[in-house]
Amino acid sequence: IVTNTRSILVEDIDFPDVSRTYVSVSGPEVVQKGANASIPREHLRPFFEMKFFDTHSHLDFPIFASSAERRFAVNRAKDAGIRGILLPAFSPISWTRTLQTSSELRDITQNVCIHTALGIHPWAIADLPQSEIDQAIDLLRSKIAAGIAPVAFGECGLDFGRRGSRVPRATQVRVFKQLRKLLTRT
């Protein structure tokens, strides 16, 4: 589709009897120029409708106490134009809960893609001994090998601000490098 402010060029779209023609996009219908045939606007809506993706939604948190509340939240997002939602897990402790919530939401919602990201947020490092961090990275490696890989990795990174100061910089950098090494192999 080639667009300008007043018309579009329609090519390779499955409309009966329409091939490579300019159409006007004003009014309640899209009218084929130079002919009496018309194309309903809803047939072209997918090409003009803005689609949003929520990159950070914690629908797995206890505030969403039931499946009904999570489904309601997803439906509200869908009504607002959101077509995809990413649930990021911030700590190995939350990975299972986030994966379960994502799976549940995929089963009970329509027209919204639910995705998962797994990671270790710098703030979570403070609560984990290095041996548990190593085990978590091994667990993530095994999930990837088993085909249970998330679509993204996060929450992870470095936080040298006030809240991140609970974890020494060297520890944050070491964990981030471990994750990065695993992720570059994926």
Side-chain angles (χ1 to χ4, degrees), residues 1 3 44-128 132-167 169 171-186:
I1 293 180
T3 66
L44 292 176
R45 184 169 287 125
F47 300 105
F48 296 104
E49 185 178 281
M50 179 68 77
K51 294 177 176 85
F52 294 99
F53 188 93
D54 182 344
T55 63
H56 197 117
S57 181
H58 286 292
L59 294 172
D60 59 318
F61 276 17
I63 192 168
F64 299 99
S66 69
S67 294
E69 289 181 31
R70 288 187 284 276
R71 183 174 44 238
F72 179 72
V74 170
N75 285 332
R76 285 188 61 213
K78 180 180 74 172
D79 291 345
I82 293 174
R83 296 298 175 252
I85 299 175
L86 178 71
L87 279 65
F90 60 92
S91 169
I93 296 165
S94 68
W95 289 356
T96 300
R97 182 184 70 219
T98 303
L99 288 167
Q100 288 172 343
T101 301
S102 293
S103 177
E104 168 199 317
L105 288 172
R106 279 191 289 276
D107 291 342
I108 64 173
T109 59
Q110 294 179 342
N111 302 321
V112 177
C113 295
I114 306 295
H115 303 282
T116 308
L118 302 179
I120 305 173
H121 192 282
W123 299 349
I125 296 171
D127 301 325
L128 299 170
E132 286 186 37
I133 292 169
D134 293 339
Q135 288 174 350
I137 291 172
D138 287 341
L139 177 61
L140 186 54
R141 185 177 294 112
S142 69
K143 285 186 181 300
I144 293 166
I148 309 172
V151 298
F153 294 95
E155 299 184 25
C156 59
L158 302 170
D159 184 352
F160 301 138
R162 190 175 63 225
R163 287 197 65 187
S165 65
R166 295 181 351 172
V167 181
R169 285 178 183 233
T171 303
Q172 288 188 45
V173 169
R174 184 179 68 247
V175 171
F176 185 70
K177 284 181 177 180
Q178 285 178 285
L179 285 168
R180 189 183 71 198
K181 184 177 179 183
L182 171 63
L183 306 180
T184 55
R185 292 185 197 161
T186 304

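For the salt bridge (charged side-chain N to carboxylate O under 4.0 Å, His left out) condition, no pair includes a residue of residues 153-163, sequence neighbours left out.
Using a 4.5 Å heavy-atom threshold, the side chains of Q178 and I120 count as separate.
For the atom pair CG (L128) and OG1 (T171), the distance works out to 11.5 Å, reported to the nearest 0.5 Å. To the nearest 0.5 Å, atom CG of residue L87 and atom CG of residue L118 are 10.5 Å apart.
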Which atom pairs, donor and acceptor, lie under 3.5 Å between side-chain atoms of residues 106-115 and protein residues at least two apart or in another chain?
residue: R106; atom: NH1; partner: I114; partner atom: O; Å: 2.9
residue: T109; atom: OG1; partner: L105; partner atom: O; Å: 2.5

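Residues passing the side-chain hydrogen bond (donor to acceptor under 3.5 Å, both in side chains) test with S102, sequence neighbours excluded: T116. In this structure, the salt bridge (Lys or Arg N to Asp or Glu O under 4.0 Å) partners of R166, at least two apart in sequence or on a different chain, are D127. Applying the salt bridge (Lys or Arg N to Asp or Glu O under 4.0 Å) test to R97 and every residue at least two apart in sequence or in another chain returns D60. Every residue meeting the salt bridge (Lys or Arg N to Asp or Glu O under 4.0 Å) condition with D138, not counting sequence neighbours, appears here in chain and number order: R141. Under the salt bridge (Lys or Arg N to Asp or Glu O under 4.0 Å) criterion, E104 pairs with R70, not counting sequence neighbours. Here Q172 pairs with nothing under the side-chain hydrogen bond (donor to acceptor under 3.5 Å, both in side chains) rule; sequence neighbours left out. Taking the ring pair (Phe, Tyr, Trp, His ring centres under 6.0 Å) definition, one finds that H58 meets it with H56, F61, sequence neighbours left out. Evaluation of the side chain to side chain contact (heavy atoms under 4.5 Å, CB included) rule for S66 yields A68, E69 as partners, not counting sequence neighbours.
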Checklist entry - Stepwise, does the side-chain contact (heavy atoms from CB on, under 4.5 Å) test hold for T101 with F64? => result CA-CA 10 Å; T101 301; F64 299 99; over 6 Å; no
